[in-house]
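See below for the structure under consideration.
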There are 2 protein chains.
Amino acid sequence: MGNEVQESKTPDGAASVADDELIRSGRDADVTRRALVRAARRRFATEGYRATTVRHIAADAGVNVALINRYFGSKEGLFEACMNRTVDELDPQTRVRAASVDEVIARLLTHVVEAPNADDPLQLLLLLRSSGDENADAIRRRTLERFTEQLAAAAGWSAEVPASQPLLLRAQMAIALMLGLVMLRTATEVQPLASASADQLTEPLEQVLRVLLDTRT
Amino acid sequence: MGNEVQESKTPDGAASVADDELIRSGRDADVTRRALVRAARRRFATEGYRATTVRHIAADAGVNVALINRYFGSKEGLFEACMNRTVDELDPQTRVRAASVDEVIARLLTHVVEAPNADDPLQLLLLLRSSGDENADAIRRRTLERFTEQLAAAAGWSAEVPASQPLLLRAQMAIALMLGLVMLRTATEVQPLASASADQLTEPLEQVLRVLLDTRT
DNA sequence: TACGCAAGTAAACGATTGTTGACATGGGTA
DNA sequence: TACCCATGTCAACAATCGTTTACTTGCGTA
(Lines give C-alpha, C1' and ligand atoms only; values in the text may rest on other atoms or scores of the structure.)
Protein backbone atom coordinates (compact mmCIF):
# COMPACT_ATOMS: atom_id res chain seq x y z
CA MET A 1 0.00 0.00 0.00
CA GLY A 2 2.70 2.49 -0.97
CA ASN A 3 4.32 2.72 2.42
CA GLU A 4 7.66 2.23 0.76
CA VAL A 5 7.74 5.68 -0.76
CA GLN A 6 11.35 6.60 -1.27
CA GLU A 7 11.64 10.09 0.03
CA SER A 8 14.48 11.85 -1.67
CA LYS A 9 14.25 15.17 0.15
CA THR A 10 14.17 17.15 -3.05
CA PRO A 11 10.75 17.13 -4.68
CA ASP A 12 8.08 18.67 -2.54
CA GLY A 13 5.55 16.40 -4.14
CA ALA A 14 7.21 13.22 -2.93
CA ALA A 15 7.63 14.59 0.58
CA SER A 16 4.02 15.60 0.84
CA VAL A 17 2.81 12.19 -0.28
CA ALA A 18 4.62 10.47 2.55
CA ASP A 19 3.54 13.18 4.94
CA ASP A 20 -0.08 12.80 4.06
CA GLU A 21 -0.18 9.46 5.82
CA LEU A 22 -1.64 9.96 9.23
CA ILE A 23 -1.81 6.31 10.24
CA ARG A 24 1.33 4.37 9.80
CA SER A 25 1.26 0.65 9.20
CA GLY A 26 3.88 -2.06 9.32
CA ARG A 27 7.09 -1.58 11.28
CA ASP A 28 9.15 1.17 9.84
CA ALA A 29 10.83 3.61 12.16
CA ASP A 30 11.03 6.35 9.56
CA VAL A 31 7.34 6.17 8.75
CA THR A 32 6.50 6.14 12.43
CA ARG A 33 8.72 9.11 13.11
CA ARG A 34 7.15 11.09 10.34
CA ALA A 35 3.65 10.20 11.45
CA LEU A 36 4.48 11.45 14.91
CA VAL A 37 5.94 14.70 13.63
CA ARG A 38 2.94 15.23 11.45
CA ALA A 39 0.45 14.57 14.20
CA ALA A 40 2.43 16.68 16.64
CA ARG A 41 2.66 19.61 14.26
CA ARG A 42 -1.08 19.72 13.97
CA ARG A 43 -1.68 19.47 17.67
CA PHE A 44 0.99 21.93 18.74
CA ALA A 45 -0.14 24.44 16.10
CA THR A 46 -3.82 24.36 16.98
CA GLU A 47 -3.75 23.67 20.71
CA GLY A 48 -0.39 24.94 21.83
CA TYR A 49 2.41 23.11 23.53
CA ARG A 50 1.11 22.65 27.03
CA ALA A 51 -2.44 21.67 26.12
CA THR A 52 -1.14 19.05 23.71
CA THR A 53 -0.55 15.72 25.42
CA VAL A 54 1.80 13.05 24.21
CA ARG A 55 -1.06 10.55 24.42
CA HIS A 56 -3.11 12.63 21.98
CA ILE A 57 -0.22 12.85 19.53
CA ALA A 58 0.45 9.12 19.75
CA ALA A 59 -3.22 8.32 19.22
CA ASP A 60 -3.37 10.63 16.20
CA ALA A 61 -0.36 8.86 14.75
CA GLY A 62 -1.69 5.40 15.62
CA VAL A 63 1.26 4.36 17.80
CA ASN A 64 2.01 3.82 21.44
CA VAL A 65 2.93 6.87 23.49
CA ALA A 66 6.29 5.38 24.55
CA LEU A 67 7.59 5.82 21.00
CA ILE A 68 7.74 9.56 21.45
CA ASN A 69 10.45 9.10 24.03
CA ARG A 70 12.01 6.33 21.99
CA TYR A 71 12.40 8.47 18.88
CA PHE A 72 12.55 12.03 20.14
CA GLY A 73 13.72 11.69 23.74
CA SER A 74 10.88 13.74 25.17
CA LYS A 75 7.85 15.86 24.39
CA GLU A 76 10.19 18.81 24.14
CA GLY A 77 12.36 16.89 21.69
CA LEU A 78 9.34 16.23 19.50
CA PHE A 79 8.38 19.89 19.62
CA GLU A 80 11.87 20.79 18.51
CA ALA A 81 11.66 18.33 15.62
CA CYS A 82 8.40 19.94 14.56
CA MET A 83 9.93 23.37 14.78
CA ASN A 84 12.97 22.32 12.78
CA ARG A 85 10.68 20.93 10.13
CA THR A 86 8.78 24.18 9.88
CA VAL A 87 11.99 26.17 9.77
CA ASP A 88 13.29 23.94 6.97
CA GLU A 89 10.12 24.42 4.99
CA LEU A 90 10.33 28.16 5.33
CA ASP A 91 14.04 28.24 4.55
CA PRO A 92 14.81 30.65 1.71
CA GLN A 93 17.01 28.10 -0.03
CA THR A 94 14.27 25.55 -0.25
CA ARG A 95 11.36 27.78 -1.06
CA VAL A 96 10.28 28.81 -4.46
CA ARG A 97 10.81 32.51 -4.46
CA ALA A 98 7.91 34.70 -5.37
CA ALA A 99 8.56 36.61 -8.53
CA SER A 100 6.16 39.46 -7.89
CA VAL A 101 3.92 41.14 -5.38
CA ASP A 102 0.94 39.67 -7.20
CA GLU A 103 2.17 36.17 -6.53
CA VAL A 104 2.81 36.99 -2.91
CA ILE A 105 -0.65 38.34 -2.44
CA ALA A 106 -2.15 35.35 -4.18
CA ARG A 107 -0.20 32.99 -1.95
CA LEU A 108 -1.25 34.77 1.23
CA LEU A 109 -4.84 34.71 0.07
CA THR A 110 -4.59 30.99 -0.53
CA HIS A 111 -3.18 30.39 2.94
CA VAL A 112 -6.05 32.14 4.64
CA VAL A 113 -8.77 30.66 2.48
CA GLU A 114 -7.38 27.14 2.91
CA ALA A 115 -6.78 27.58 6.60
CA PRO A 116 -9.38 25.24 8.05
CA ASN A 117 -8.16 22.34 5.94
CA ALA A 118 -4.56 22.68 4.82
CA ASP A 119 -1.23 22.25 6.52
CA ASP A 120 0.88 25.19 5.48
CA PRO A 121 -1.01 27.88 7.40
CA LEU A 122 -0.96 25.76 10.52
CA GLN A 123 2.80 25.56 10.35
CA LEU A 124 3.06 29.29 10.58
CA LEU A 125 0.89 29.12 13.67
CA LEU A 126 3.48 26.78 15.10
CA LEU A 127 5.92 29.66 14.96
CA LEU A 128 3.69 31.52 17.40
CA ARG A 129 3.75 28.74 19.97
CA SER A 130 6.22 28.54 22.79
CA SER A 131 7.24 25.52 24.78
CA GLY A 132 8.90 27.82 27.26
CA ASP A 133 12.37 27.04 25.88
CA GLU A 134 14.24 30.24 25.18
CA ASN A 135 16.47 28.82 22.48
CA ALA A 136 13.45 27.60 20.54
CA ASP A 137 11.86 30.99 21.02
CA ALA A 138 14.86 32.73 19.47
CA ILE A 139 14.73 30.36 16.49
CA ARG A 140 11.05 31.03 16.11
CA ARG A 141 11.55 34.75 16.05
CA ARG A 142 14.39 34.65 13.56
CA THR A 143 12.45 32.36 11.27
CA LEU A 144 9.48 34.68 11.30
CA GLU A 145 11.68 37.66 10.65
CA ARG A 146 13.37 36.01 7.69
CA PHE A 147 10.02 34.90 6.33
CA THR A 148 8.66 38.41 6.43
CA GLU A 149 11.84 39.73 4.81
CA GLN A 150 11.33 37.43 1.85
CA LEU A 151 7.79 38.64 1.55
CA ALA A 152 8.84 42.24 1.72
CA ALA A 153 11.59 41.69 -0.85
CA ALA A 154 9.02 40.49 -3.33
CA ALA A 155 7.18 43.74 -2.78
CA GLY A 156 10.33 45.78 -3.36
CA TRP A 157 12.01 45.94 0.04
CA SER A 158 15.77 45.82 0.32
CA ALA A 159 17.89 46.13 3.45
CA GLU A 160 20.21 48.43 1.56
CA VAL A 161 17.59 50.94 0.46
CA PRO A 162 16.51 53.18 3.35
CA ALA A 163 13.48 54.47 1.49
CA SER A 164 12.09 50.92 1.30
CA GLN A 165 12.22 50.18 5.04
CA PRO A 166 8.51 50.88 5.68
CA LEU A 167 7.78 47.99 3.33
CA LEU A 168 9.25 45.51 5.76
CA LEU A 169 6.96 46.79 8.49
CA ARG A 170 4.00 46.55 6.15
CA ALA A 171 4.95 43.00 5.21
CA GLN A 172 5.02 42.10 8.87
CA MET A 173 1.58 43.61 9.26
CA ALA A 174 0.38 41.49 6.37
CA ILE A 175 1.75 38.42 8.10
CA ALA A 176 0.15 39.47 11.37
CA LEU A 177 -3.17 39.68 9.58
CA MET A 178 -2.69 36.28 8.02
CA LEU A 179 -1.71 34.70 11.31
CA GLY A 180 -4.60 36.30 13.13
CA LEU A 181 -7.04 35.13 10.49
CA VAL A 182 -5.67 31.61 10.42
CA MET A 183 -5.88 31.43 14.17
CA LEU A 184 -9.42 32.76 14.38
CA ARG A 185 -10.50 30.43 11.58
CA THR A 186 -8.86 27.28 12.86
CA ALA A 187 -8.01 27.29 16.56
CA THR A 188 -10.70 29.68 17.76
CA GLU A 189 -13.41 29.06 15.15
CA VAL A 190 -15.03 32.45 15.43
CA GLN A 191 -18.19 32.69 13.32
CA PRO A 192 -18.89 33.78 10.68
CA LEU A 193 -15.18 34.07 9.90
CA ALA A 194 -14.43 30.37 10.41
CA SER A 195 -17.00 29.28 7.85
CA ALA A 196 -16.63 32.15 5.43
CA SER A 197 -16.35 31.15 1.78
CA ALA A 198 -13.36 31.89 -0.40
CA ASP A 199 -15.33 34.56 -2.25
CA GLN A 200 -16.34 36.30 0.96
CA LEU A 201 -12.77 36.39 2.20
CA THR A 202 -10.93 37.19 -0.98
CA GLU A 203 -12.35 40.57 -1.77
CA PRO A 204 -11.67 42.42 1.49
CA LEU A 205 -8.46 40.53 2.04
CA GLU A 206 -7.04 41.42 -1.33
CA GLN A 207 -7.95 45.05 -0.75
CA VAL A 208 -6.01 45.04 2.51
CA LEU A 209 -3.00 43.21 1.12
CA ARG A 210 -2.77 45.63 -1.77
CA VAL A 211 -2.89 48.57 0.59
CA LEU A 212 -0.02 47.07 2.55
CA LEU A 213 2.16 45.54 -0.14
CA ASP A 214 1.40 46.93 -3.56
CA THR A 215 3.47 50.04 -3.99
CA ARG A 216 2.33 50.40 -7.58
CA THR A 217 -1.05 51.70 -6.46
CA MET B 1 -0.86 51.74 54.37
CA GLY B 2 -3.79 52.65 52.17
CA ASN B 3 -5.36 49.22 52.16
CA GLU B 4 -8.61 50.68 53.36
CA VAL B 5 -9.42 52.27 50.04
CA GLN B 6 -13.15 52.77 49.90
CA GLU B 7 -14.14 51.61 46.51
CA SER B 8 -17.42 53.07 45.47
CA LYS B 9 -17.74 51.18 42.17
CA THR B 10 -18.34 54.33 40.21
CA PRO B 11 -15.12 56.20 39.49
CA ASP B 12 -12.77 54.31 37.21
CA GLY B 13 -9.88 55.97 38.94
CA ALA B 14 -10.73 54.46 42.27
CA ALA B 15 -11.22 51.02 40.72
CA SER B 16 -7.85 51.08 39.06
CA VAL B 17 -6.11 52.07 42.26
CA ALA B 18 -7.51 49.03 44.03
CA ASP B 19 -6.72 46.89 41.02
CA ASP B 20 -3.14 47.94 41.02
CA GLU B 21 -2.61 46.13 44.29
CA LEU B 22 -1.04 42.84 43.50
CA ILE B 23 -0.60 41.75 47.11
CA ARG B 24 -3.67 42.00 49.24
CA SER B 25 -3.46 42.34 52.96
CA GLY B 26 -6.01 42.08 55.72
CA ARG B 27 -9.18 40.09 55.32
CA ASP B 28 -11.43 41.51 52.66
CA ALA B 29 -13.09 39.18 50.22
CA ASP B 30 -13.54 41.84 47.56
CA VAL B 31 -9.91 42.81 47.60
CA THR B 32 -8.89 39.18 47.47
CA ARG B 33 -11.19 38.48 44.59
CA ARG B 34 -9.83 41.39 42.63
CA ALA B 35 -6.26 40.43 43.33
CA LEU B 36 -6.98 36.95 42.00
CA VAL B 37 -8.64 38.26 38.85
CA ARG B 38 -5.76 40.60 38.25
CA ALA B 39 -3.12 37.95 38.76
CA ALA B 40 -5.06 35.48 36.66
CA ARG B 41 -5.49 37.92 33.80
CA ARG B 42 -1.77 38.42 33.60
CA ARG B 43 -0.98 34.76 33.71
CA PHE B 44 -3.69 33.63 31.29
CA ALA B 45 -2.74 36.37 28.83
CA THR B 46 0.99 35.70 28.84
CA GLU B 47 1.10 31.95 29.36
CA GLY B 48 -2.26 30.72 28.18
CA TYR B 49 -4.94 28.91 30.11
CA ARG B 50 -3.47 25.46 30.30
CA ALA B 51 0.06 26.46 31.17
CA THR B 52 -1.22 28.70 33.95
CA THR B 53 -1.61 26.86 37.23
CA VAL B 54 -3.92 27.88 40.01
CA ARG B 55 -0.98 27.70 42.41
CA HIS B 56 0.89 30.31 40.33
CA ILE B 57 -2.12 32.62 40.30
CA ALA B 58 -2.63 32.25 44.03
CA ALA B 59 1.04 32.94 44.72
CA ASP B 60 0.96 36.03 42.49
CA ALA B 61 -2.06 37.28 44.44
CA GLY B 62 -0.54 36.36 47.79
CA VAL B 63 -3.32 33.98 48.88
CA ASN B 64 -3.88 30.30 49.33
CA VAL B 65 -4.84 28.31 46.26
CA ALA B 66 -8.11 27.07 47.82
CA LEU B 67 -9.56 30.57 47.54
CA ILE B 68 -9.85 30.24 43.79
CA ASN B 69 -12.42 27.52 44.28
CA ARG B 70 -13.95 29.41 47.17
CA TYR B 71 -14.59 32.56 45.17
CA PHE B 72 -14.86 31.42 41.57
CA GLY B 73 -15.87 27.76 41.87
CA SER B 74 -13.05 26.52 39.64
CA LYS B 75 -10.12 27.53 37.47
CA GLU B 76 -12.58 27.81 34.65
CA GLY B 77 -14.81 30.05 36.68
CA LEU B 78 -11.86 32.35 37.30
CA PHE B 79 -11.11 32.34 33.60
CA GLU B 80 -14.66 33.37 32.85
CA ALA B 81 -14.42 36.18 35.40
CA CYS B 82 -11.25 37.36 33.66
CA MET B 83 -12.99 37.25 30.31
CA ASN B 84 -15.95 39.19 31.59
CA ARG B 85 -13.60 41.77 32.99
CA THR B 86 -11.81 42.08 29.66
CA VAL B 87 -15.06 42.56 27.82
CA ASP B 88 -16.17 45.15 30.33
CA GLU B 89 -12.99 47.08 29.75
CA LEU B 90 -13.24 46.91 26.01
CA ASP B 91 -16.94 47.70 26.22
CA PRO B 92 -17.58 50.79 28.30
CA GLN B 93 -17.08 53.23 25.51
CA THR B 94 -18.97 50.97 23.18
CA ARG B 95 -21.79 50.76 25.64
CA VAL B 96 -21.96 54.49 25.53
CA ARG B 97 -22.47 54.02 21.79
CA ALA B 98 -19.40 54.93 19.79
CA ALA B 99 -20.29 58.06 17.93
CA SER B 100 -18.58 57.05 14.76
CA VAL B 101 -16.40 54.62 12.93
CA ASP B 102 -13.63 57.16 13.37
CA GLU B 103 -13.65 56.62 17.11
CA VAL B 104 -13.57 52.86 16.69
CA ILE B 105 -10.60 53.07 14.37
CA ALA B 106 -8.81 55.40 16.75
CA ARG B 107 -9.38 52.99 19.62
CA LEU B 108 -8.07 50.01 17.72
CA LEU B 109 -5.02 52.00 16.70
CA THR B 110 -4.36 52.88 20.31
CA HIS B 111 -4.49 49.26 21.42
CA VAL B 112 -1.90 48.15 18.93
CA VAL B 113 0.43 51.07 19.32
CA GLU B 114 0.52 50.66 23.08
CA ALA B 115 1.03 46.93 22.85
CA PRO B 116 4.54 46.45 24.21
CA ASN B 117 3.97 48.58 27.27
CA ALA B 118 0.43 48.65 28.52
CA ASP B 119 -1.89 46.26 30.31
CA ASP B 120 -4.85 46.29 28.01
CA PRO B 121 -3.17 44.72 24.99
CA LEU B 122 -2.30 41.77 27.15
CA GLN B 123 -6.00 41.31 27.58
CA LEU B 124 -6.36 41.05 23.87
CA LEU B 125 -3.96 38.15 24.03
CA LEU B 126 -6.38 36.60 26.46
CA LEU B 127 -8.90 36.60 23.66
CA LEU B 128 -6.49 34.95 21.29
CA ARG B 129 -4.76 32.17 23.14
CA SER B 130 -6.25 28.72 22.97
CA SER B 131 -6.95 27.26 26.31
CA GLY B 132 -6.91 23.52 25.85
CA ASP B 133 -10.20 23.37 27.69
CA GLU B 134 -13.41 23.11 25.69
CA ASN B 135 -15.50 25.15 28.05
CA ALA B 136 -12.96 27.90 28.39
CA ASP B 137 -12.58 27.97 24.61
CA ALA B 138 -16.32 28.28 24.17
CA ILE B 139 -16.29 31.21 26.55
CA ARG B 140 -13.45 32.75 24.61
CA ARG B 141 -15.14 32.29 21.27
CA ARG B 142 -18.41 33.78 22.46
CA THR B 143 -16.56 36.73 23.89
CA LEU B 144 -14.77 37.34 20.62
CA GLU B 145 -17.95 37.06 18.63
CA ARG B 146 -19.76 39.52 20.84
CA PHE B 147 -16.89 41.94 20.75
CA THR B 148 -16.63 41.86 16.96
CA GLU B 149 -20.39 42.34 16.68
CA GLN B 150 -20.15 45.50 18.73
CA LEU B 151 -17.31 46.71 16.58
CA ALA B 152 -19.21 45.95 13.41
CA ALA B 153 -22.31 47.69 14.75
CA ALA B 154 -20.31 50.86 15.16
CA ALA B 155 -19.40 50.60 11.52
CA GLY B 156 -23.01 50.10 10.47
CA TRP B 157 -23.62 46.36 10.78
CA SER B 158 -26.95 45.06 11.96
CA ALA B 159 -28.07 41.46 12.26
CA GLU B 160 -31.36 42.43 10.70
CA VAL B 161 -29.96 44.01 7.56
CA PRO B 162 -28.73 41.36 5.11
CA ALA B 163 -26.82 43.89 3.03
CA SER B 164 -24.67 44.74 6.03
CA GLN B 165 -23.50 41.17 6.77
CA PRO B 166 -20.11 41.54 5.06
CA LEU B 167 -19.35 44.25 7.61
CA LEU B 168 -19.28 41.69 10.39
CA LEU B 169 -16.74 39.62 8.50
CA ARG B 170 -14.67 42.73 7.89
CA ALA B 171 -14.82 43.64 11.57
CA GLN B 172 -13.56 40.18 12.42
CA MET B 173 -10.72 40.65 9.96
CA ALA B 174 -9.86 43.93 11.63
CA ILE B 175 -9.73 42.16 14.97
CA ALA B 176 -7.64 39.36 13.50
CA LEU B 177 -5.14 41.95 12.32
CA MET B 178 -5.07 43.61 15.68
CA LEU B 179 -4.63 40.35 17.53
CA GLY B 180 -1.89 39.22 15.15
CA LEU B 181 -0.08 42.51 15.59
CA VAL B 182 -0.30 42.38 19.36
CA MET B 183 0.97 38.82 19.30
CA LEU B 184 3.94 39.63 17.07
CA ARG B 185 4.75 42.78 19.02
CA THR B 186 4.55 41.34 22.50
CA ALA B 187 4.86 37.57 22.73
CA THR B 188 6.97 36.89 19.66
CA GLU B 189 8.84 40.21 19.45
CA VAL B 190 9.42 40.15 15.73
CA GLN B 191 11.63 43.05 14.66
CA PRO B 192 11.22 45.71 13.42
CA LEU B 193 7.52 45.43 14.22
CA ALA B 194 8.00 45.01 17.97
CA SER B 195 9.91 48.26 18.30
CA ALA B 196 8.06 50.24 15.67
CA SER B 197 7.04 53.71 16.77
CA ALA B 198 3.46 54.93 16.93
CA ASP B 199 3.99 57.05 13.84
CA GLN B 200 5.34 54.13 11.83
CA LEU B 201 2.40 51.95 12.75
CA THR B 202 -0.40 54.42 12.57
CA GLU B 203 -0.32 55.32 8.92
CA PRO B 204 -0.52 51.82 7.35
CA LEU B 205 -2.78 50.57 10.07
CA GLU B 206 -5.29 53.36 9.63
CA GLN B 207 -5.31 52.74 5.89
CA VAL B 208 -6.14 49.11 6.47
CA LEU B 209 -8.79 49.75 9.08
CA ARG B 210 -10.50 52.26 6.82
CA VAL B 211 -10.52 49.79 3.97
CA LEU B 212 -12.17 47.26 6.23
CA LEU B 213 -14.52 49.35 8.34
CA ASP B 214 -15.21 52.70 6.76
CA THR B 215 -18.09 52.25 4.39
CA ARG B 216 -18.15 55.94 3.58
CA THR B 217 -15.07 55.60 1.39
C1' DT C 1 -14.30 40.26 76.87
C1' DA C 2 -16.29 36.47 74.55
C1' DC C 3 -18.58 34.48 70.78
C1' DG C 4 -19.77 33.72 66.10
C1' DC C 5 -19.00 33.98 61.43
C1' DA C 6 -16.48 35.08 57.36
C1' DA C 7 -12.05 34.77 55.42
C1' DG C 8 -7.96 32.17 55.06
C1' DT C 9 -4.81 27.92 55.27
C1' DA C 10 -2.72 23.33 55.08
C1' DA C 11 -2.95 18.82 53.86
C1' DA C 12 -4.80 15.37 51.29
C1' DC C 13 -7.24 13.34 47.35
C1' DG C 14 -8.06 11.65 42.65
C1' DA C 15 -6.94 12.42 38.00
C1' DT C 16 -3.74 13.47 34.55
C1' DT C 17 0.77 13.78 32.43
C1' DG C 18 5.49 12.74 30.76
C1' DT C 19 8.58 9.21 31.34
C1' DT C 20 10.67 4.57 32.20
C1' DG C 21 11.64 -0.35 32.20
C1' DA C 22 10.37 -4.89 31.12
C1' DC C 23 8.36 -7.56 27.80
C1' DA C 24 6.28 -8.83 23.10
C1' DT C 25 6.37 -9.09 18.21
C1' DG C 26 7.68 -9.00 13.46
C1' DG C 27 10.88 -9.10 9.79
C1' DG C 28 15.19 -10.26 7.73
C1' DT C 29 19.14 -13.12 7.27
C1' DA C 30 21.88 -17.20 7.75
C1' DT D 1 13.44 -22.85 9.93
C1' DA D 2 15.47 -20.57 13.76
C1' DC D 3 17.59 -16.76 15.76
C1' DC D 4 18.51 -12.00 16.53
C1' DC D 5 17.62 -7.34 16.62
C1' DA D 6 14.81 -3.40 15.72
C1' DT D 7 10.33 -1.84 16.48
C1' DG D 8 6.35 -1.66 19.21
C1' DT D 9 3.45 -2.28 23.62
C1' DC D 10 1.97 -2.36 28.36
C1' DA D 11 2.06 -1.30 33.00
C1' DA D 12 3.82 1.32 36.35
C1' DC D 13 6.06 5.33 38.41
C1' DA D 14 6.79 10.05 40.07
C1' DA D 15 5.38 14.56 39.61
C1' DT D 16 1.97 17.87 38.87
C1' DC D 17 -2.57 19.71 38.87
C1' DG D 18 -7.35 21.18 40.16
C1' DT D 19 -10.23 20.36 43.82
C1' DT D 20 -11.92 19.26 48.51
C1' DT D 21 -12.11 18.97 53.44
C1' DA D 22 -11.01 19.98 58.00
C1' DC D 23 -9.08 23.27 60.68
C1' DT D 24 -7.32 28.12 61.98
C1' DT D 25 -7.59 32.96 62.49
C1' DG D 26 -9.18 37.59 62.67
C1' DC D 27 -12.64 40.93 63.06
C1' DG D 28 -16.90 42.85 64.50
C1' DT D 29 -20.66 43.03 67.60
C1' DA D 30 -23.11 42.32 71.79
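The base of D:dT25 lies close enough to the side chain of B:Arg27 for a donor and an acceptor atom to sit less than 3.5 Å apart.
In this structure, the side chains of A:Val31 and A:Arg34 come closer than 4.5 Å at one or more pairs of heavy atoms. Side-chain contact between A:Met83 and A:Phe44: absent, with no pair of heavy atoms (C-beta onward) separated by less than 4.5 Å.
Looking at the side chain of B:Val63, the nearest of the listed nucleotides C:dT9, D:dC17, C:dG18 is C:dT9. Closest to the side chain of B:Ser74, from the set D:dT19, D:dG8, C:dA6, is D:dT19. Closest approach to the B:Ala66 side chain among D:dG8, D:dT21, C:dG18 is made by D:dT21 (side chain taken as heavy atoms from C-beta onward). Side chain of B:Ala29, nearest nucleotide from C:dG8, D:dG8, C:dA7: C:dA7.
None of B:Leu126, B:Thr52, B:Asn84 except one satisfies the side chain to side chain contact (heavy atoms under 4.5 Å, CB included) rule with B:Phe79; the exception is B:Leu126.
In this structure, CG of A:Asp28 is placed 13 Å from C1' of C:dG26, rounded to the nearest angstrom. Separating the CZ atom of A:Arg70 from the C1' atom of C:dG21 is a distance of 11 Å, rounded to the nearest angstrom. Straight-line distance from the CZ atom of A:Arg55 to the P atom of C:dA15: 15 Å, rounded to whole Å. The CG-P distance, from A:Leu67 to D:dA11, rounds to 16 Å in whole Å. When rounded to the nearest whole Å, the span between CG of A:Asp30 and P of C:dG27 equals 16 Å. One atom, NZ of B:Lys75, and another, C1' of D:dG18, lie 8 Å apart when rounded to the nearest Å. Rounded to an integer number of Å, the gap from A:Asn64 CG to D:dA12 P is 14 Å. One can place CD1 of B:Ile68 at 11 Å from C1' of D:dT19, the figure rounded to the nearest angstrom.
Between A:Glu149 and A:Trp157, the side chains place no donor N or O within less than 3.5 Å of an acceptor N or O (distance only, hydrogens not considered).
The residue A:Arg50 sits close only to the backbone: its heavy atoms come under 4.0 Å of sugar-phosphate atoms, none of a base. No engagement by A:Phe72 is indicated, since no non-hydrogen atom pair under 4.0 Å with the nucleic acid exists.
The structure places CG of B:Leu181 at 9.0 Å from CE of B:Met178, a figure rounded to the nearest 0.5 Å.
Distances shown here put every side-chain N or O of B:Thr32 at or beyond 4.0 Å from the OP1 or OP2 atom of C:dA7.
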